[in-house]
Undergrad: 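Quick one: structure below, then a few questions.
Below, all heavy atoms of this structure are taken into account, side chains as well, without hydrogens, waters or symmetry copies. Since the model is a prediction, treat every value here as computed from it, not as a measurement.
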Amino acid sequence: MAGHSHDPADYRERDVVPVRRALISVSDKSGLLELAAALSAAGVEIVSTGSTAATIRDAGHTVTDVASITGFPEMLDGRVKTLHPSVHGGLLADLRLEDHERQLADFDIRPFELVVVNLYPFVETVASGAQGDAVVEQIDIGGPAMVRASAKNYANVAIVVSPSSYPSIIDAVAAGGTSLTQRRELAARAFSHTASYDAAVAAWFSGETLGEGIELPEHLTIQAERLNTLRYGENSHQRAAIYTRQGGRGIAQATQLQGKEMSYNNYVDADAALRAAYDMVKPAVAIIKHANPCGIAVAAPNALDPIASAHLRAHECDPVSAYGGVIAANGTVTLKMAENLADIFTEVIVAPSYEPAALEAFSRKKNLRVLQLPADWQQEEMDVRLVSGGLLLQDADRFPSDILSVAENWELVSGERPAEEEMENLIFAWKTCRAVKSNAIVLAKNLATVGVGMGQVNRVDSCRLAVERAGDRAAGSVAASDAFFPFADGAQVLIDAGVSAIIQPGGSVRDPEVIAAAQAANVTMFFTGERHFFH
């Protein structure tokens, strides 16, 4: 359907727009009374609806009800309030055009110069576990219509969708009006806001229609808001920023308690560290460098301070590489752990909580970045990765909570089924291997890594690297491989170093050769039937 067109000469210049009339309808009442007081003091007519009007009126400010403008009361349990020409004519009229002014006069419609709207709490309602009609009733219709109409008409109307913008609006009103630049920036935020809202609604409907467990929707919309511009990206010549997703509960939502500004690489490593530490059920610490583990460990049995014990054991795996590392703990960081870090240069530490004394100790390391996870932090259900021209989506690689029962079904292809302690070490090594870049080999002993081989283009080199880093500790350790051994040579490197057991997925055409090598050395070997590549 063709729209109206005007010659550019028809438009009159309009930069600063004085605010004489404001339409306010908000679910989030934060800062509302301060805004209303400032508008009233400036002589701005406030038009409002429902609970917003009642809140402003109860504070002693004069409010014009929308119903008195439209001539209709709120209908259908509030579903119809503002969907009326008397409202939308005042939002969409382009007062740079004389014929728009004439049409407003013909129908006795007055324009709005300011619109303040935030939408029904749809995302929060879904997050609360509500279902069905309770969610549907939080799908805002009139709100997005007003937001989009006002944003389209940014030449004449300032649209505000967040209380964070109230102070700048109050200042603009006091200074004589909003500027064109300000209105355009507000419009950009408004369209982003409604796009994110609609994406959340669409995602919910997809899940509602297709049932629980939808992983691969036909249409995928990812909305994110810039949280911070970073100094640079992976390298100093690259621009970078961090964005937060609506409903996200990960490293992007962590609170920084102290230290220098987080860098791009800091965020990448911190996320990798969380991935490793939170695979463990017992108190655990992971130390990461360049997205690979320098060491991962759980607390020693009967440790007086489990999280401090886990850190020391993780650090012992590779103290050289741990210099300048990023640390994640899956439990409260104690003073003892903080004291252990006193002489170890560390870039970032991230944990769910900290003892006050630990934070006091960290305050003496001014450059150390200390991050606290959100209380509802959880690992992602899906992984998204950009590729040129598109993106890849997959289920997150997660271990089942009942991995002990899963381990009962692993296929023993060589040696005797080990005692409980060695079996626990094999499970630990298997979990740890998931956090290592492929090709990945992990050597573990006493629930701590002693050697890690990662990122090599062939598995035998990863085996050699893990053995070299473990040194004498390789003897009596257990080994995990994230994928099968394509030849027996890699497994033979581990066997020659003295490992007592090997866990791997199996599935190679040369499995018989690999099994034969293990059997000849009387080394226990399990096939899990599942690999854990991490590229």
Undergrad: Using only atom types and a distance under 3.5 Å, with no angle test, would you say the side chain of Lys289 pairs donor to acceptor with the backbone of Tyr323?
TA: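 Yes, because the side chain of Lys289 sits within donor-acceptor range (under 3.5 Å) of the backbone of Tyr323.
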
Undergrad: Quick one: sort the Phe362 and Tyr354 rings into parallel, tilted or perpendicular, breaks at 30° and 60°.
TA: perpendicular

Undergrad: Using every non-hydrogen atom in the two residues, find where Ala291 and Lys437 come nearest and quote the distance to one decimal.
TA: CB-CE, 3.9 Å

Undergrad: Could you go step by step and tell me if Thr64 and Arg21 meet the side-chain hydrogen bond (donor to acceptor under 3.5 Å, both in side chains) rule?
TA: CA-CA 10 Å; Thr64 301; Arg21 197 171 189 231; over 6 Å; no

Undergrad: Is the number of heavy atoms from other residues, nucleotides or ligands within 6.0 Å of NE2 (His290) greater than 12?
TA: no

Undergrad: Not counting sequence neighbours, which residues clear side chain to side chain donor-acceptor pair (under 3.5 Å) with Gln238? List them please.
TA: Asn235

Undergrad: Could you work out, with ring pair (Phe, Tyr, Trp, His ring centres under 6.0 Å) as the rule, every residue matching Tyr264, not counting sequence neighbours?
TA: none

Undergrad: Do the side chain of Asp269 and the main chain of Ile288 share a donor and acceptor less than 3.5 angstrom apart?
TA: no

Undergrad: Could you give the distance from CG (Leu180) to CD (Glu185), rounded to the nearest 0.5 Å?
TA: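 So the CG of Leu180 and the CD of Glu185 are separated by 10.0 Å.
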
Undergrad: My understanding is that only residues two or more places apart in sequence, or in another chain, count here; which of them pass side chain to side chain donor-acceptor pair (under 3.5 Å) with Thr178?
TA: Arg183

Undergrad: Just how far is it from atom OG of Ser40 to atom CD1 of Ile56, taken to the nearest 0.5 Å?
TA: 7.5 Å

Undergrad: Verify side-chain contact (heavy atoms from CB on, under 4.5 Å) between Ile344 and His311, making sure each step is shown before the conclusion.
TA: CA-CA 12 Å; Ile344 301 171; His311 168 253; 4.1 Å; yes

Undergrad: Quick one: side chain to side chain donor-acceptor pair (under 3.5 Å) pairs with a partner in residues 250-259, sequence neighbours left out?
TA: none

Undergrad: Less than 4.5 Å apart, any side-chain heavy atom of Leu373 and any of Tyr278?
TA: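 SC-SC contact between Leu373 and Tyr278 confirmed.
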
Undergrad: Less than 4.5 Å apart, side chain to side chain, heavy atoms only: is that true for Ile169 and Val116?
TA: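 A side-chain contact is absent here, since even the closest heavy-atom pair is not under 4.5 Å.
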
Undergrad: In terms of heavy-atom contacts, does CZ of Arg531 have more than 12 from other residues, nucleotides or ligands at under 6.0 Å?
TA: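 No - once you tally the heavy atoms of other residues, nucleotides and ligands closer than 6.0 Å, there are 12 at most.
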
Undergrad: Is Ser363 reaching over with its side chain to a backbone N or O of Glu360, donor-acceptor style, under 3.5 angstrom?
TA: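 Yes, Ser363 side chain to Glu360 backbone: donor-acceptor pair under 3.5 Å.
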
Undergrad: As an exercise, state the distance from CG of Asn265 to CD of Glu347, rounded to the nearest 0.5 Å.
TA: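 It comes to 9.5 Å.
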
Undergrad: With a cut-off of 6.0 Å (strictly less than), are more than 12 heavy atoms of other residues, nucleotides or ligands near CZ of Phe345?
TA: yes

Undergrad: What are the two closest non-hydrogen atoms of Ser48 and Ala53, and how far apart are they?
TA: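 Where Ser48 meets Ala53 most closely, the heavy atoms are OG-N, 3.2 Å.
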
Undergrad: Taking side-chain contact (heavy atoms from CB on, under 4.5 Å) as the test, write out the residues that go with Ala190, two or more places apart.
TA: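 By the side-chain contact (heavy atoms from CB on, under 4.5 Å) rule, Ala190 matches Val147, Ala151, Ile159, Val161.
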
Undergrad: Val160 and Asn118: side-chain contact (heavy atoms from CB on, under 4.5 Å), yes or no, with the steps?
TA: CA-CA 8 Å; Val160 176; Asn118 53 58; over 6 Å; no

Undergrad: Could you state the interatomic distance from CD1 (Ile287) to CD1 (Ile349), rounded to the nearest 0.5 Å?
TA: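 Atom-to-atom, Ile287:CD1 and Ile349:CD1 are 9.5 Å apart.
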
Undergrad: Mind checking what makes side-chain contact (heavy atoms from CB on, under 4.5 Å) contact with Ser30, not counting sequence neighbours?
TA: Asp28, Pro163

Undergrad: Would you please name every residue forming a ring pair (Phe, Tyr, Trp, His ring centres under 6.0 Å) with Phe533, sequence neighbours left out?
TA: His535

Undergrad: Going by the rule ring pair (Phe, Tyr, Trp, His ring centres under 6.0 Å), which residues pair with His532 if we only count those two or more places apart in sequence or in a different chain?
TA: Phe399, Trp430

Undergrad: Who passes salt bridge (charged side-chain N to carboxylate O under 4.0 Å, His left out) against Arg184, sequence neighbours left out?
TA: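 For Arg184, no residue satisfies salt bridge (charged side-chain N to carboxylate O under 4.0 Å, His left out) once neighbours in sequence are set aside.
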
Undergrad: With a 4.5 Å limit on heavy-atom distance, are the side chains of Asp94 and Asn153 in contact?
TA: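 Yes, close enough: below the 4.5 Å cut-off.
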
Undergrad: Going by the rule side chain to side chain donor-acceptor pair (under 3.5 Å), which residues pair with Asp482 if we only count those two or more places apart in sequence or in a different chain?
TA: Ser438, Arg459

Undergrad: Is it true that a side-chain atom of Lys260 and a backbone atom of Arg369 form a donor plus acceptor pair closer than 3.5 Å?
TA: no

Undergrad: Could you please spell out the steps behind the side-chain contact (heavy atoms from CB on, under 4.5 Å) verdict for Met262 and Ile251?
TA: CA-CA 11 Å; Met262 288 282 287; Ile251 192 64; 5.5 Å; no

Undergrad: Look at the side chain of Thr55 and the backbone N and O of Ser51, then say whether any donor-acceptor pair between them is shorter than 3.5 Å.
TA: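 Yes; at least one donor-acceptor contact below 3.5 Å.
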
Undergrad: Give me the atom names and distance for the closest heavy-atom approach of Ala361 to Ala338.
TA: CB-CB, 3.9 Å

Undergrad: Hey, what do you get for NZ (Lys366) to CG (Leu368), rounding to the nearest 0.5 Å?
TA: 11.5 Å

Undergrad: Specify the closest pair of heavy atoms between Val348 and Thr346, including all atoms of both residues, with the distance to one decimal.
TA: O-CG2, 3.4 Å

Undergrad: Could you report the tightest heavy-atom contact between Val436 and Pro293, atom names first, then the distance?
TA: CG2-CG, 3.7 Å

Undergrad: Compute whether any side-chain donor of one residue and acceptor of the other, for Ser25 and Thr52, lie under 3.5 angstrom apart.
TA: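 No pair is found: no donor N or O on one side chain lies under 3.5 Å from an acceptor on the other.
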
Undergrad: How would you list, by chain and number, every residue that makes a ring pair (Phe, Tyr, Trp, His ring centres under 6.0 Å) with Phe191, sequence neighbours excluded?
TA: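 With sequence neighbours excluded, Phe191 shows a ring pair (Phe, Tyr, Trp, His ring centres under 6.0 Å) to no residue whatsoever.
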
Undergrad: Just by distance, no angles: are the side chains of Ser162 and Ser164 close enough, under 3.5 Å, to form a donor-acceptor pair?
TA: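 On atom types as modelled, these side chains qualify, holding a pair under 3.5 Å.
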
Undergrad: When rounded to the nearest 0.5 angstrom, what is the spacing between CG in Leu359 and CD in Gln372?
TA: 7.5 Å

Undergrad: Looking at residues at least two apart in the chain, or sitting in another chain, which of them share a side chain to side chain donor-acceptor pair (under 3.5 Å) with Arg110?
TA: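 Applying side chain to side chain donor-acceptor pair (under 3.5 Å) to Arg110 gives Glu45.
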
Undergrad: Begin from the C-alpha positions of Arg434 and Arg275 and carry the test side-chain contact (heavy atoms from CB on, under 4.5 Å) through to its verdict.
TA: CA-CA 9 Å; Arg434 187 189 77 96; Arg275 171 188 172 100; 3.1 Å; yes

Undergrad: Determine whether Ile46 and Thr62 make a side-chain contact, defined as any pair of heavy atoms from C-beta on separated by less than 4.5 Å.
TA: no

Undergrad: Measure the shortest side-chain to side-chain distance between Leu114 and Val44 over non-hydrogen atoms and say whether it is less than 4.5 angstrom.
TA: no

Undergrad: Are the side chains of Ile296 and Lys431 in contact, using a 4.5 Å heavy-atom criterion?
TA: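 Lys431 vs Ile296: side chains apart.
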
Undergrad: Does some side-chain heavy atom of Leu32 sit less than 4.5 Å from a side-chain heavy atom of Val26?
TA: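 In contact.
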
Undergrad: Taking all non-hydrogen atoms of both residues into account, name the closest pair between Ala276 and Ala435 and its distance.
TA: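 Distance-wise, the nearest heavy atoms are CB-CB, 3.6 Å.
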
Undergrad: Is any side-chain heavy atom of Val285 closer than 4.5 Å to a side-chain heavy atom of Met337?
TA: yes

Undergrad: Does NZ belonging to Lys152 count more than 12 external heavy atoms closer than 6.0 Å?
TA: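 12 or below, so no.
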
